[in-house]
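Structure record follows, encoded as structure tokens.
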There are 2 protein chains.
Amino acid sequence: MKNAETATQLLDAAQQLVQERGYNAFSYKDLAESVGIRTASIHYHFPAKADLGVALMKRYTEGLSEALNSIDRDARSNKGKLKSFIKLYTETEARGAICLCGSFASDLETLPAVLQEAVAAYIELSESWVADTVKAGVGEAEFGFSGKARDVASMLLSSLQGGLILSRARGADQPLLPTVQRVFLKTLGAA
Amino acid sequence: MKNAETATQLLDAAQQLVQERGYNAFSYKDLAESVGIRTASIHYHFPAKADLGVALMKRYTEGLSEALNSIDRDARSNKGKLKSFIKLYTETEARGAICLCGSFASDLETLPAVLQEAVAAYIELSESWVADTVKAGVGEAEFGFSGKARDVASMLLSSLQGGLILSRARGADQPLLPTVQRVFLKTLGAA
DNA sequence: GTCTATAGGCAGATAGAC
DNA sequence: GTCTATCTGCCTATAGAC
């Protein structure tokens, strides 16, 4: 039986490294130093680096799925749901990091196929949830928006991913995501 | 005197590699094979990899500057200018690549300071040009948009950068940038 | 300007002791 | 589960011949 605690520590440290430096720019040595074990021990939990990458995306996608369920359960309005969704990214921006999925996506061509597919699945999950939420808001006359829900959903996801990347490069004193939220809600006719 | 032709070939090949695979995911060996020389010869033109990166961003930023001058000279309307600007990215999407600046930005934390600054400068150039163009369009009553020009400019850049990254991951059959353009122009009240 | 040869270090990964 | 030891290969970079 694997030691779940070490595996979790490895995933936590690896996630931070990928979100800060990128999948190709961190090594098992970096990870070993973060967690306080030797590189050879990491291979016990994740035989190859690709296995670690797949486990990261799996956990991240499950986390998103749970967060979306939470939002659907708790939020009072479709506008509130979308704001809660955007908040998931705002927290990442505050850490000066980028989305795990966005980080993998920017290294896409260097990734094994399973990992590429995991990236696509994460995007699809996000996009369909946003589109459904927009549709619901339009149907309930909460948003004045007229147009394809899929289109604004794509736009939102693109601007969140790009916003995180540009925000970090511009500096912590000029956050972009509040602006993304403002413009997006205005576009929806929900401002 | 350096052989300008080889240096240009190296920059061309390196730019493609960065836009496809990322700065940390290509090597002098890859580059040498692309151009048909030995890795040691690359060091004659670009002593360290960072020098190559800086030269890439310098050339890319100068290219943008020239493209913006061209657009300002030729376009008939502010809407036309913005469409020409977006077209610069559409061509990148068609190649299945991402923006050179976006690629560097996603690896930001692993870059030397000069390169980080070059990334920030490229973003600032783009953003201020878009904001100025939006302002002009609002002033000339071409756009119905009311709000901060800087905000929509940030939004557009974020969605273009993020759009390229997500588009590649979703697959060539579902381009995102036409959608980005449509939603953006609608937001501007220019559709 | 480009080459061969080589340095020195780090990458991911495996074998086998404990 | 974690360790030491080790492998093989690739990385950036340099020295010096041509």
Side-chain angles (χ1 to χ4, degrees), chain A residues 1-18 20-57 59 103-104 106-116 118, chain B residues 1-18 20-57 103-104 107-116 118:
Chain A
M1 190 60 183
K2 294 181 184 181
N3 181 343
E5 218 160 292
T6 302
T8 302
Q9 281 177 40
L10 286 169
L11 287 171
D12 290 344
Q15 181 172 332
Q16 192 175 344
L17 285 165
V18 175
E20 283 173 4
R21 306 172 50 85
Y23 179 69
N24 291 313
F26 88 93
S27 68
Y28 269 33
K29 195 187 169 208
D30 299 324
L31 196 47
E33 283 164 7
S34 279
V35 172
I37 59 176
R38 302 268 136 167
T39 62
S41 311
I42 302 176
H43 288 278
Y44 172 79
H45 300 279
F46 304 101
K49 200 182 178 185
D51 298 314
L52 174 58
V54 169
L56 280 174
M57 277 304 300
R59 190 178 71 152
S103 178
F104 276 121
S106 72
D107 288 341
L108 196 85
E109 309 263 280
T110 70
L111 304 178
V114 270
L115 214 28
Q116 295 189 8
Chain B
M1 191 59 183
K2 294 181 183 182
N3 181 340
E5 218 160 290
T6 303
T8 301
Q9 282 177 41
L10 286 168
L11 287 171
D12 290 344
Q15 180 172 331
Q16 191 174 343
L17 286 165
V18 175
E20 282 173 3
R21 306 170 51 84
Y23 180 70
N24 291 311
F26 88 94
S27 68
Y28 269 32
K29 195 188 169 208
D30 299 324
L31 196 46
E33 283 165 6
S34 280
V35 172
I37 58 175
R38 303 265 130 168
T39 62
S41 311
I42 303 175
H43 288 279
Y44 172 78
H45 300 279
F46 304 102
K49 199 181 177 184
D51 299 313
L52 174 59
V54 169
L56 281 173
M57 277 304 300
S103 178
F104 276 122
D107 288 341
L108 195 85
E109 309 262 282
T110 70
L111 304 177
V114 271
L115 215 28
Q116 295 189 8

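Throughout, protein chains are lettered first and strands after them, A, B, ... in sequence-line order, and every chain is numbered starting at 1.
Taking atom CD of B:Glu5 as the reference point, atom P of C:dT2 lies 10 Å away to the nearest angstrom. B:His43 places its NE2 atom 13 Å from the P atom of C:dC3, with the value rounded to the nearest Å. Computed from coordinates, the A:Ile42 CD1 to C:dA11 P distance equals 11 Å when rounded to whole Å. At whole-Å resolution of the value, OH in B:Tyr44 and C1' in D:dG16 are 15 Å apart. To the nearest angstrom, C1' of C:dG12 lies 16 Å from CG of A:Leu17. For the pair A:Lys49 NZ and C:dT14 C1', the computed distance is 18 Å after rounding to whole Å.
Shown here is A:Arg59, whose CZ atom has more than 12 heavy atoms of other residues, nucleotides or ligands within 6.0 Å.
Side-chain atoms of A:Gln15 do not come within 3.5 Å of backbone N or O of A:Leu56 as any donor-acceptor pair. Of the possible polar contacts, none joining the B:Tyr28 side chain to the B:Arg38 backbone as a donor-acceptor pair under 3.5 Å is found.
Phosphate proximity of C:dT2 to B:His45: present, with a side-chain N or O under 4.0 Å from OP1 or OP2.
Here the side chains of B:Tyr23 and B:Leu115 are in contact, with some heavy-atom distance below 4.5 Å. Under the 4.5 Å side-chain criterion, counting only non-hydrogen atoms from C-beta, B:Ile37 is in contact with B:Leu10. Counting heavy atoms from C-beta on, the side chains of B:Thr39 and B:Leu31 never come closer than 4.5 Å.
For the segment residues 28-39 of chain A, the set of residues with a heavy atom within less than 4.0 Å of an atom of DNA chain C comprises A:Tyr28, A:Lys29, in numerical order.
Residue A:Ser41 is classed as a base contact, given a heavy-atom separation below 4.0 Å to a base.
Minimum atom distance to the side chain of A:Ser27 is reached by C:dA11, of the listed D:dT12, C:dA11, D:dA5. The nucleotide whose nearest atom lies closest to any side-chain atom of B:Ala48 is, among C:dA13, D:dA13, D:dT14, D:dA13.
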